[in-house]
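Below: one structure, written as structure tokens.
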2 protein chains.
Amino acid sequence: MLSQTTEYALRAVVHLAKNPEQPQTAIDIADATRVSPGYLSKVMQSLVRGKIVRSQRGLHGGFRLSRDPSEIPVLEVINCVGPIPRITRCPLGIPGHGEKLCSLHRRLDDAMLAIERSFGTTTLAELVEQSDDSFPLCEHIQP
Amino acid sequence: MLSQTTEYALRAVVHLAKNPEQPQTAIDIADATRVSPGYLSKVMQSLVRGKIVRSQRGLHGGFRLSRDPSEIPVLEVINCVGPIPRITRCPLGIPGHGEKLCSLHRRLDDAMLAIERSFGTTTLAELVEQSDDSFPLCEHIQP
DNA sequence: CTCTAACAGGACATATTTATCCTCTATTAC
DNA sequence: GTAATAGAGGATAAATATGTCCTGTTAGAG
């Protein structure tokens, strides 16, 4: 539903939000999120272009969030690597069919809209505040 | 978000729901839904295997819905060609992480669940009842 | 200045999705 | 039976998404 790339981007920013003290290198993030380092670099580049994270080259460089997690909606991260495809016109391309959607496509677009809204009102801060254990992204089972 | 294939499948079943009188050939459906005939055949095969439509070979054959549109939830069509991917376990594959999801993945799965529910309670009948014009899938603009 | 750490970006490889084409089989009409 | 219609299914191609690798550039430390 959401692409792998989107999933990776979200893991990465969550990791950054959980480790704001010092910049995290691509390797750091790749290890923590279990994403291949090479591909993660590409994803991080997208996030940099989207102004979600800032990069710093050289020794002690790495990536950090460009804003406070509470200022970053999850949707913004998603849009950065692969936006939710909204249906704004009839996808059949029939001449004479324009902005008015049939019930099928209106329904589908409603679902997309609901997702957009849900992710638009959730911030990164909300994703990190409740977990305090050592695992970066998933909680472990209580013994 | 939903795949092209899913979109095509939905268009096809909507067309069938709107034309219940006689079986629709793959060509009929392909024309009406603006999908390439070859690929549509594949999609229809999936729908047949999923018991959503029934096929009839030979002259005057074609496809028709296997049940009344009011008995077919949109979700069933979706699941037939490419289910909504639910997140049931930590996707990072870290040993010791099991069923309990971190907040990121719980959020993502919540969104998937919401979509499933939305499409699970909408039937094909609801998608066709309100449009009565000649256009098969999209309404045209009022002059 | 030189060495090393670390991101940027291009070229390439693989996998998956989408699309095309051709042959086979089933059904109907005659 | 023969001919025509129409779905089933396999092989193949094209497009896109995902993943790898290598070189270049920037920054910091000595």
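Letters go in sequence order (proteins before strands), and every chain restarts at 1. Atoms considered below: every heavy atom in the structure, side chains included; atoms not considered: hydrogens, waters and symmetry mates.
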ask   = Does the base of C:dG10 carry an N or O that pairs as donor and acceptor with the side chain of A:Lys42 under 3.5 Å?
value =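 Answer yes: a donor N or O sits under 3.5 Å from an acceptor.
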In this structure, how many angstroms lie between the [atom2] atom of [N] and the [atom1] atom of [X], rounded?
| X | N | atom1 | atom2 | value |
| --- | --- | --- | --- | --- |
| A:Gln24 | C:dA6 | CD | P | 11 Å |
| B:Met44 | C:dA19 | CE | P | 16 Å |
| A:Glu7 | D:dT18 | CD | P | 11 Å |
| A:Gln22 | C:dA5 | CD | C1' | 15 Å |
| B:Arg64 | D:dG7 | CZ | P | 12 Å |

ask   = Taking the side chain from B:Ser66 and the backbone from B:Lys51, do they hold a donor-acceptor pair closer than 3.5 Å?
value =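 It does hold such a pair.
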Residues A:Leu75, A:Ile84; criterion side chain to side chain contact (heavy atoms under 4.5 Å, CB included); working and verdict = CA-CA 9 Å; A:Leu75 179 63; A:Ile84 312 262; 4.1 Å; yes
inquiry  = Between A:Val48 and A:Gln45, is the side chain to side chain contact (heavy atoms under 4.5 Å, CB included) condition met? List the steps.
reply    = CA-CA 5 Å; A:Val48 170; A:Gln45 282 180 40; 5.6 Å; no
key: Intermediate values then yes/no, side chain to side chain contact (heavy atoms under 4.5 Å, CB included), A:Phe119 and A:Val77   = CA-CA 10 Å; A:Phe119 290 144; A:Val77 179; over 6 Å; no
Out of [options], whichever nucleotide has its closest atom nearest the side chain of [X]:
| X | options | answer |
| --- | --- | --- |
| A:Tyr39 | C:dA8, D:dG19, D:dG7 | D:dG19 |
| B:Phe63 | D:dT18, C:dA8, D:dA8 | D:dA8 |
| A:Tyr8 | C:dA8, D:dA8, D:dG19 | D:dG19 |
| A:Ala26 | C:dC7, C:dC21, C:dT18 | C:dC7 |

Distance, nearest 0.5 Å, that separates [atom1] of [X] from [atom2] of [Y]:
| X | Y | atom1 | atom2 | answer |
| --- | --- | --- | --- | --- |
| B:Thr33 | B:Leu10 | OG1 | CG | 11.0 Å |
| A:Ile52 | A:Met44 | CD1 | CE | 10.0 Å |
| A:Met112 | B:Met1 | CE | CE | 5.0 Å |

message = Using side-chain heavy atoms (C-beta onward) and a distance below 4.5 Å, is B:Leu104 in contact with A:Arg11?
response =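 In contact.
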Any [X] side-chain N or O less than 4.0 Å from OP1/OP2 of [N]:
| X | N | value |
| --- | --- | --- |
| A:Ser55 | C:dA8 | yes |
| A:Ser36 | D:dT20 | yes |
| B:Ser41 | D:dA8 | no |

Tabulate protein N/O versus nucleotide N/O from nucleotides 28-30 of chain D, keeping only pairs under 3.5 Å, one per line.
unit_1 : atom_1 : unit_2  : atom_2 : d
D:dG28 : OP1    : A:Gln56 : NE2    : 3.4

Dump every N/O contact between nucleotides 12-15 of chain D and the protein below 3.5 Å, one line per pair.
none

task = Apply salt bridge (Lys or Arg N to Asp or Glu O under 4.0 Å) to B:Arg107 and list each qualifying residue two or more places apart in sequence or on a separate chain.
result =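 Listed in chain order: A:Glu126.
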Once you apply a heavy-atom cut-off of 4.0 Å, does [X] come out as touching a base, just sugar-phosphate, or nothing?
| X | result |
| --- | --- |
| A:Arg49 | sugar-phosphate |
| B:Gln45 | base |
| B:Ser3 | sugar-phosphate |

